[in-house]
K.L.:
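Just dropping this structure here.
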Amino acid sequence: MVCAAGPARTNEEQSGVLPKEASNEGSMPRASTLLGRRASFTDMALVNVPSVVRQSGRQAQLRSHAVQVAEGGGAHAPVHLRSEVITSNFAKFERIGMGSSSVAYRALRLCDNRTVVIKALRRLDVGPVSLAKREFDLLTNFRHPNIIVALDFLESLSCVALVLEDIAGRTLRSVVRSTCAGRLDELCSMRLFVQVAAGLAYLHGRNTVHRDLKPDNCLVSKGGVLKLIDFNVAASTEGGELLTPTGTREFRAPEVLNRPYASPADVWSLGLCLHFMLHGRTPSRDSDDEPTATSAAAASTETYSEDAADGSSDGGGGSPRGRAMTEQPRDAWGGSAWALQRCCLQDWRQRATAQELFAGASGWLAGR
Ligand SMILES: Nc1ncnc2c1ncn2[C@@H]1O[C@H](COP(=O)(O)OP(=O)(O)OP(=O)(O)O)[C@@H](O)[C@H]1O
């Protein structure tokens, strides 16, 4: 039966680092309020979520048929899911995403009428199937507000399915892309950054490295709660540092190719996620090269200077351009420039830990 793992936490049971604006979900902002400035988190939460997310309950599910949907489950389930173990336990399949080896569906779990996400793989794909099983085993040992909850792992002769809690929201990439300015302001970025840092600090405290941290693997709920997903290349450092190069080139730390590497590699990726939020791109946008420490550090100056110059953030405290490169601006300690600099250091031994970044960013946010 599919309810073995029991009910998981809801999005409402999350950490206390939620943006204040996120609870303001009752009304749509006027379009004019979104023009001429960077979108705030409120704008993002209310304007840029798909219509299905703004609706509620069963009616919303029924209206969300822009993508492949099979009503009633059973015989009408998508090809990937035509397996008794799936069709007898789920209904109302809606395709929501496609990975390199899996297809993600939103579906109704019949035993408790809960909407869940199913990552389905063909049984024939032996490698990806074993990674999905590992992902499930790993996730069942974790319990953190910023890490996705795994509910079940189903196997049949033709397919396997990893069942996850449903985050009715968007990837961080989609959130950033869909703002008017194509980027987030500093406060909004830091509110999301601190949640990624919290999830990573938890993981690293359990000797686990995510190894593929990027905006596509961060899901943001309509209430502004961010959760890390896609743990299929996550690895334990209990046996020592890691040697296998993996992850996504654009967000990969330099030492991952040079080897060995460990949890600081995630911290580098965290820095690039922050840069992506602030600028809508990684430092190496115009090049085929991976971001370097130099380009990432330069980017931190860019962030700091832009914010100070255009008045969109007081993170720079009115300090002169470029100051963030050489010293910590007093009132911006823990702000985005500081965080970028502490994440994107070439020498991984010099980087801050996820825990330090979480603490610093939380302190900075508390002072806002
Ligand atoms: N729990 C979830 N709630 C909502 N949407 C989800 C959830 N998990 C995955 N998705 C959606 O499905 C997509 C694919 O999921 P995921 O990245 O985990 O699959 P994958 O096959 O491991 O991908 P990749 O090949 O990129 O590693 C995500 O980008 C996201 O849009």
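Numbering of ligands and ligand atoms starts at 1, following listing order.
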K.L.:
If every non-hydrogen atom of V225 is compared with every non-hydrogen atom of P145, which pair is closest and at what distance?
P.N.:
CG1-O, 4.1 Å
K.L.:
Please report which non-hydrogen protein atom sits nearest to atom 31 (O) of ligand 1, along with the residue it belongs to and the distance in Å to one decimal place.
P.N.:
T171 CG2, 4.0 Å
K.L.:
Give the residue and atom name of whichever protein heavy atom lies nearest to atom 12 (O) of ligand 1, and the separation in Å to one decimal.
P.N.:
A104 CB, 3.3 Å
K.L.:
Which atoms of ligand 1 sit under 4.0 Å from any heavy atom of K119?
P.N.:
16 (P), 18 (O), 19 (O), 20 (P), 22 (O)
K.L.:
If every non-hydrogen atom of F276 is compared with every non-hydrogen atom of P215, which pair is closest and at what distance?
P.N.:
CD2-CG, 3.6 Å
K.L.:
With the threshold set at under 4.0 angstrom, would you say N217 reaches ligand 1 through any of its heavy atoms?
P.N.:
yes
K.L.:
Please report which non-hydrogen protein atom sits nearest to atom 13 (C) of ligand 1, along with the residue it belongs to and the distance in Å to one decimal place.
P.N.:
G97 CA, 4.1 Å
K.L.:
Do you know the tightest heavy-atom contact between W364 and E186?
P.N.:
CZ2-OE1, 3.6 Å
K.L.:
Would you name the heavy atoms of L272 and P283 that are closest together and state the gap between them?
P.N.:
CD2-CD, 3.7 Å
K.L.:
With a cut-off of 4.0 Å, which atoms of ligand 1 are near a heavy atom of N232?
P.N.:
22 (O)
K.L.:
Could you label the plane-to-plane angle of the F93 and Y105 rings as parallel, tilted or perpendicular, counting under 30° as parallel and over 60° as perpendicular?
P.N.:
perpendicular
K.L.:
Give the atoms of ligand 1, by number and element, whose distance to some non-hydrogen atom of G99 is under 4.0 Å.
P.N.:
20 (P), 21 (O), 23 (O), 24 (P), 25 (O)
K.L.:
Report the nearest protein non-hydrogen atom to atom 21 (O) of ligand 1: residue, atom name, distance rounded to 0.1 Å.
P.N.:
S102 OG, 2.5 Å
K.L.:
Measuring only between side-chain heavy atoms, which start at C-beta, is L164 closer than 4.5 Å to L139?
P.N.:
yes
K.L.:
At a non-hydrogen distance cut-off of under 4.0 Å, which region of I148 contacts ligand 1 (side chain, backbone, both, or neither)?
P.N.:
side chain
K.L.:
For atom 9 (C) of ligand 1, what is the closest protein heavy atom, and at what distance to 0.1 Å?
P.N.:
I229 CD1, 3.9 Å
K.L.:
Could you pull out the closest heavy-atom pair between R123 and L157, with the gap in Å?
P.N.:
CG-O, 3.2 Å
K.L.:
I need the single residue from E250, H275, K214 that forms a side-chain hydrogen bond (donor to acceptor under 3.5 Å, both in side chains) with T282. Which is it?
P.N.:
E250
K.L.:
How far is atom 5 (N) of ligand 1 from its nearest protein heavy atom, and which residue and atom name does that atom have?
P.N.:
I96 CD1, 3.4 Å
K.L.:
So which heavy atom on S336 is nearest to which on L274, and how close?
P.N.:
O-CD2, 3.7 Å
K.L.:
For atom 1 (N) of ligand 1, what is the closest protein heavy atom, and at what distance to 0.1 Å?
P.N.:
E165 O, 2.8 Å
K.L.:
Which residue from L219, D230, I167 reaches closest to atom 7 (C) of ligand 1 through any of its heavy atoms?
P.N.:
L219
K.L.:
Ignoring angles and geometry beyond distance, decide whether K214 reaches within less than 3.5 Å of ligand 1 through its nitrogen or oxygen atoms.
P.N.:
no
